[in-house]
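Just so it is clear, the values below take in all heavy atoms, side chains as well, and ignore hydrogens, waters and symmetry mates.
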Amino acid sequence: MTDIPPAEEIVRYDKDRANRIATITFDRPDQLNAPTIAARRRYGDLIFKASLDDDVKVLVIRGEGDDLGSGADLDELMAKREGDEALREEFGLTDDDDVTMPPPRNYRNGASLVQWYADPRAGCRSLQDFKKISILEVKGYCYGWHFYQAADADMVVASDDALFGHPAFRYVGYAPRMWQWATMMGLRKFQEMVFTGRPFTAAEMADLAFVNSVVPRDQLEAETAKYAMACANNLPTDTVFAQKVFFEIMKQHQGEHMGSLISAWLESMRGPLKPDVERAVVGLDRETMESGLNKAVKSNDEQFPPEWRLSKSGRKKPE
C-alpha cells in the first residue's frame, strides 16, 4: 500500500461566509479521489458541523481533477482487514479502548461494519441528516462511495461526460445505498443498473430526474455556482431547516433508514453466496485485491458491450 495522505488533505473544507456557501473538495485526483477510512470519517464530521454552523446555508461537494471520484480506497481497506485494524479505525477505536473485536470469520465482524455504514458518522450516509442545502458537482466518474453522495444530495449538477454507477454491481452485487438509489432512480431502471452492472450517463440520469442539470465540462463550475447562489439568496436558513425536516419525514415514510439496515443485512450475507461454477466472476476477495481490483474489473469489462463498460477508456467512442 502506497503512502496515504492525511484526511485533511484528501477532504478539504472552505467557507464563503459572505454568501454562506461551504465547499467540500475531494483532493486526491491521482487516486480518482478515493477517500480513506479517516477521510470518510472526516467527511461525515464536516457535514455534521456544517449542519450546525450559522455561517453555512449551502454546501457544495466537488472533486479535483477529471472526476468526482470512483469510490472508497479499497486497497487500504483490504490491507487493514488482515487483523481488526480496519474495523477499529472505522469505529474510531484507539489502543486505549478496551474493546475486543469479533474474529474475522465471525458473522458480526462483517455485519458490524456494514451496519455502521448506515450511521452518518461513517461518511456513507452523512448527507441524509444534513439540515442545509447540499449540491453535488459531478464530472467523469461518480462511482461507488461517491455515488452514495449522489443518492443523498439535494441537487446534482453534472457535466455531460459524467458516469454514474457502482463497480460493486459487477464484483459483489450490492452496496449501502440500494434503497435510496431505487427510490431516486425508479425501480425499473435501477434494477437494470444492478443486473447488468452498467453505468448510466449524465443524460440518462437527467431523464430519470436523478440529475438536475447537465452542461458541458467547461461550464460545470459556473452552473454549480449558479445553483448555489440561488439557494443562498432564497428563503432564510430557518425555513430551509423546516423544509429539510419535511423531506426527511417523507424519506422515512418511504423507508430510507429501514432500507439502509436492509442493505446492510444483504451485504452481511455475502459469505454463503457462491459463484456460478461454470463462470469466473470478479469477486472482492484476497486473490482479486492482490492482483489489483482495478485490473480485474477492467478485464471483466471486456465481457460487456463497449457502451456498457465501466472504464472510460473501454467505452464506445462517440462517432
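- Using a 4.0 Å cut-off between charged nitrogen and carboxylate oxygen, Arg40 and Glu89 do not count as a salt-bridge pair.
- In this structure, Glu221 pairs ionically with Arg62, as a charged nitrogen and a carboxylate oxygen lie closer than 4.0 Å.
- Summarising the geometry of Asp97 relative to Gly92, their closest heavy-atom pair is OD2-O, 4.2 Å, with the distance given to 0.1 Å.
- Of the inter-residue distances, the one linking Leu68 atom CG with Ser159 atom OG reads 9.5 Å to the nearest 0.5 angstrom.
- Exactly one of Arg217, Lys139, Lys312, Arg315 qualifies for a salt bridge (Lys or Arg N to Asp or Glu O under 4.0 Å) with Asp161. That residue is Arg217.
- Remark: Glu256 engages Arg125 in a salt bridge, criterion side-chain N to carboxylate O under 4.0 Å.
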Original post:
Are Glu90 and Glu85 close enough, and set up right, to give a side chain to side chain contact (heavy atoms under 4.5 Å, CB included), and what steps lead you there?
Top reply: CA-CA 9 Å; Glu90 289 275 5; Glu85 185 182 357; over 6 Å; no
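- With side-chain heavy atoms closer than 4.5 Å counting as contact, directly or through intermediates, the hydrophobic cluster containing Trp179 also holds Met258, Ile262.
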**OP:** List the steps, then state whether salt bridge (Lys or Arg N to Asp or Glu O under 4.0 Å) holds for Asp14 with Arg12.
**Re:** CA-CA 7 Å; Asp14 302 284; Arg12 294 194 284 105; 3.7 Å; yes
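- Checked for salt-bridge contact, Glu192 and Arg198 meet the test: a charged N lies under 4.0 Å from a carboxylate O.
- Listed by chain and number, the residues in a side chain to side chain donor-acceptor pair (under 3.5 Å) with Asp16 are Asn19 (sequence neighbours excluded).
- A donor-acceptor contact shorter than 3.5 Å links the side chain of Ser51 to the backbone of Lys131.
- Ion pair Asp73/Arg28 flagged as a salt bridge, since at least one NZ, NE, NH1 or NH2 atom sits closer than 4.0 Å to an Asp/Glu carboxylate oxygen.
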**OP:** Go through the steps for Tyr13 and Thr23 under the test side chain to side chain donor-acceptor pair (under 3.5 Å), then give the verdict.
**Re:** CA-CA 6 Å; Tyr13 185 75; Thr23 303; over 6 Å; no
Name each donor-acceptor pair under 3.5 Å that joins a side chain in residues 230-243 to protein atoms two or more places apart or in another chain, with its distance.
| unit_1 | atom_1 | unit_2 | atom_2 | d |
| --- | --- | --- | --- | --- |
| Asn233 | ND2 | Met229 | O | 3.1 |
| Thr237 | OG1 | Arg20 | NH1 | 2.8 |

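- Judged as a salt bridge (Lys or Arg N to Asp or Glu O under 4.0 Å), the pairs with a partner in residues 99-120 (not counting sequence neighbours) are, in order, Asp119-Arg121.
- Taking a cutoff of 4.0 Å between a charged side-chain nitrogen and a carboxylate oxygen, Asp154 and Lys244 qualify as a salt bridge.
- Checking side-chain atoms of Lys132 against main-chain N and O of Asp53 turns up a donor-acceptor pair under 3.5 Å.
- Side-chain N or O atoms of Arg88 include one that pairs as donor or acceptor with a backbone N or O of Thr94 at under 3.5 Å.
- For residues 24-61, the set of pairs meeting the ring pair (Phe, Tyr, Trp, His ring centres under 6.0 Å) definition, not counting sequence neighbours, comprises Phe26-Tyr43, Phe26-Trp145, Phe26-His146, Tyr43-Trp145.
- One finds a salt bridge joining Asp45 and Lys49 here, because a Lys/Arg side-chain nitrogen approaches an Asp/Glu carboxylate oxygen to under 4.0 Å.
- Classification of the Trp181-Tyr148 ring pair by plane angle, with boundaries at 30° and 60°, yields tilted.
- Pairs engaging residues 210-239 under the ring pair (Phe, Tyr, Trp, His ring centres under 6.0 Å) rule: Phe147-Phe210 [sequence neighbours left out].
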